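Written below as structure tokens is the structure these notes are about.
Keep in mind that the numbers below use all heavy atoms, side chains included, and drop hydrogens, waters and symmetry copies. Predicted, not measured: the structure shown is a model, and the values here were computed from it.
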Amino acid sequence: MLSQFLMISRPWWIKWLPVLSYLWLVLTVLIAGAFYPDYSHVSQYMSELGASGAPHAWSVNYLGFVPTELLLLVFLALLLPVLPQTVPLRLGIGLLGLYAIMLLGASVFTCDFECRPTRATFAHGLHITLGAFAYLAGIAGVLLVAVSARSWPNGFPLTLSGVAIAILCFGLLLNLNPQLPWVGLMQRLMETLMYLWFILLGRYGAGLPLVRSQALL
């Protein structure tokens, strides 16, 4: 019954799951930030809210960050069958899925308190590695799907916006230096830009019929 409900409501889920995932992330950060003494959304990473020793870290990670990525993964799983089944498209969606999975892993292996330790633990090193490669995979995924969209009906706006957002996000990624006073703002802007494109992609995919079989190009 659940599978039938998801199939019937697929366009609705495709359209709104990226919105729900983004709102879940925003509310998690805002609520957790309100209960974190002297927390700055401009100068501190979002990961600091779930870092080892942070107030309410378990809730932030497992009730906030993990559901955010699970919602994104469900969106991608529902979206893939309605898009033209080309190799670049599948690779791009796979990279976006890897982006969500690695960020989910970064929520399990948290950074050390305040994410700027002098002697990092193994979990901290793994968190930083997962986060860095997650963003690289996400940016590459956006770029691949955007380039694939150039051959779709009315897909040029997705191509133009996706390429622009991928370039901007890569520039922002280069500015995620913990020594910079605006690192938190840069991270939030990058996440917002990527989610903006996910929302645009979802709105496009919601209007497409389910693809049963298409030859790979």
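- For the pair Leu49 and Val60, the tightest heavy-atom approach, listed with the atom from each and the gap, is O-CG2, 3.6 Å.
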Between Tyr135 and Leu172, is the side-chain contact (heavy atoms from CB on, under 4.5 Å) condition met? List the steps.
CA-CA 10 Å; Tyr135 285 136; Leu172 291 169; over 6 Å; no
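- Using modelled atom types, one side-chain atom of Trp197 and one backbone atom of Leu158 make a donor-acceptor pair closer than 3.5 Å.
- Relative orientation of the Tyr36 and Phe113 rings is parallel, given thresholds of 30° and 60° on the angle between their planes.
- Using a 4.5 Å cut-off between side-chain heavy atoms of Ile, Leu, Val, Met, Phe, Trp and Tyr, with links allowed through other members, Trp16 and Leu96 fall into the same hydrophobic cluster.
- Atom-to-atom distance recorded for Ile93:CD1 and Leu79:CG is 5.0 Å, nearest 0.5 angstrom.
- Looking at Leu180 and Met186, their side chains never come closer than 4.5 Å, going by heavy atoms from C-beta outward.
- Met102 and Ile128 end up in different hydrophobic clusters when Ile, Leu, Val, Met, Phe, Trp and Tyr side chains are linked at under 4.5 Å.
- Here the options are Val74, Leu73, Leu71, the test is side-chain contact (heavy atoms from CB on, under 4.5 Å), and the partner is Ser21; only Leu71 passes.
- Side-chain contact check for Phe198 versus Val142: some heavy-atom pair is nearer than 4.5 Å.
- Looking at Phe170 and Leu136, their side chains come closer than 4.5 Å, going by heavy atoms from C-beta outward.
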Using side-chain contact (heavy atoms from CB on, under 4.5 Å), reason through Leu83 and Arg90 one step at a time and then give a plain yes or no.
CA-CA 9 Å; Leu83 296 176; Arg90 289 187 172 186; over 6 Å; no
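- Residues Leu78 and Ile14 approach most closely at O-CD1, 3.5 Å, considering heavy atoms.
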Practice task
Might you work through the side-chain contact (heavy atoms from CB on, under 4.5 Å) test for Leu98 and Phe133, ending with a clear yes or no?
Solution key: CA-CA 9 Å; Leu98 191 59; Phe133 280 100; over 6 Å; no
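- Atom CZ of Arg203 has 12 or fewer neighbouring heavy atoms from other residues, nucleotides or ligands inside a 6.0 Å radius.
- Within the model, atoms CG of Leu70 and CH2 of Trp24 stand 10.0 Å from one another, a figure rounded to the nearest 0.5 Å.
- Residue Leu95 holds its CG atom at 6.0 Å from CG of Leu144, rounded to the nearest 0.5 Å.
- Note on Ile31: it does not cluster hydrophobically with Leu23, by side-chain heavy-atom contacts below 4.5 Å among ILVMFWY residues.
- Residues Leu130 and Leu103 are not in side-chain contact: their nearest non-hydrogen atoms beyond the backbone lie 4.5 Å or more apart.
- Atom CD1 of Ile165 and atom CD1 of Ile139 lie 11.0 Å apart (nearest 0.5 Å).
- Heavy-atom minimum distance, Gln44 versus Tyr39: OE1-CA, 3.2 Å.
- For the pair Ser9 (side chain) and Trp12 (backbone), a donor-acceptor distance under 3.5 Å is absent.
- Annotation for Asn154: atom CG does not count as buried by contact number, only 12 or fewer foreign heavy atoms lying within 6.0 Å.
- Scanning all heavy atoms of the two residues, the minimum distance from Cys115 to Tyr45 falls at CB-CD1, 4.2 Å.
- Side chains of Leu72 and Thr68 form no contact here, defined as non-hydrogen atoms less than 4.5 Å apart.
- Hydrophobic clustering (ILVMFWY, side-chain heavy atoms < 4.5 Å, transitive): Val163 and Leu189 are in distinct clusters.
- Checked by atom type and distance alone, the side chain of Glu114 never pairs as donor or acceptor with a backbone atom of Asp112 at under 3.5 Å.
- Within the 4.5 Å cutoff, the side chain of Ile167 has no heavy atoms near those of the Leu143 side chain.
- Residue pairs meeting the ring pair (Phe, Tyr, Trp, His ring centres under 6.0 Å) criterion with at least one partner in residues 61-89, sequence neighbours excluded, are Trp58-Tyr62.
- Looking only at side-chain heavy atoms (C-beta outward), Tyr22 and Thr192 come within less than 4.5 Å of each other.
- Here the shortest heavy-atom pairing between Thr159 and Arg150 reads OG1-N, 2.9 Å.
- Atom CG of Leu89 is separated from atom CG of Leu80 by 6.5 Å, given to the nearest 0.5 angstrom.
- Linking Ile, Leu, Val, Met, Phe, Trp and Tyr whenever their side-chain heavy atoms come within less than 4.5 Å leaves Phe35 and Leu30 in two separate clusters.
- From Ser43, atom OG reaches atom CD of Glu48 across 7.5 Å, with rounding to the nearest 0.5 Å.
- Of all heavy-atom pairs between Met190 and Cys169, the closest is SD-O, 3.5 Å.
- Side-chain atoms of Arg116 and Gln179, non-hydrogen and from C-beta on, never get closer than 4.5 Å to each other.
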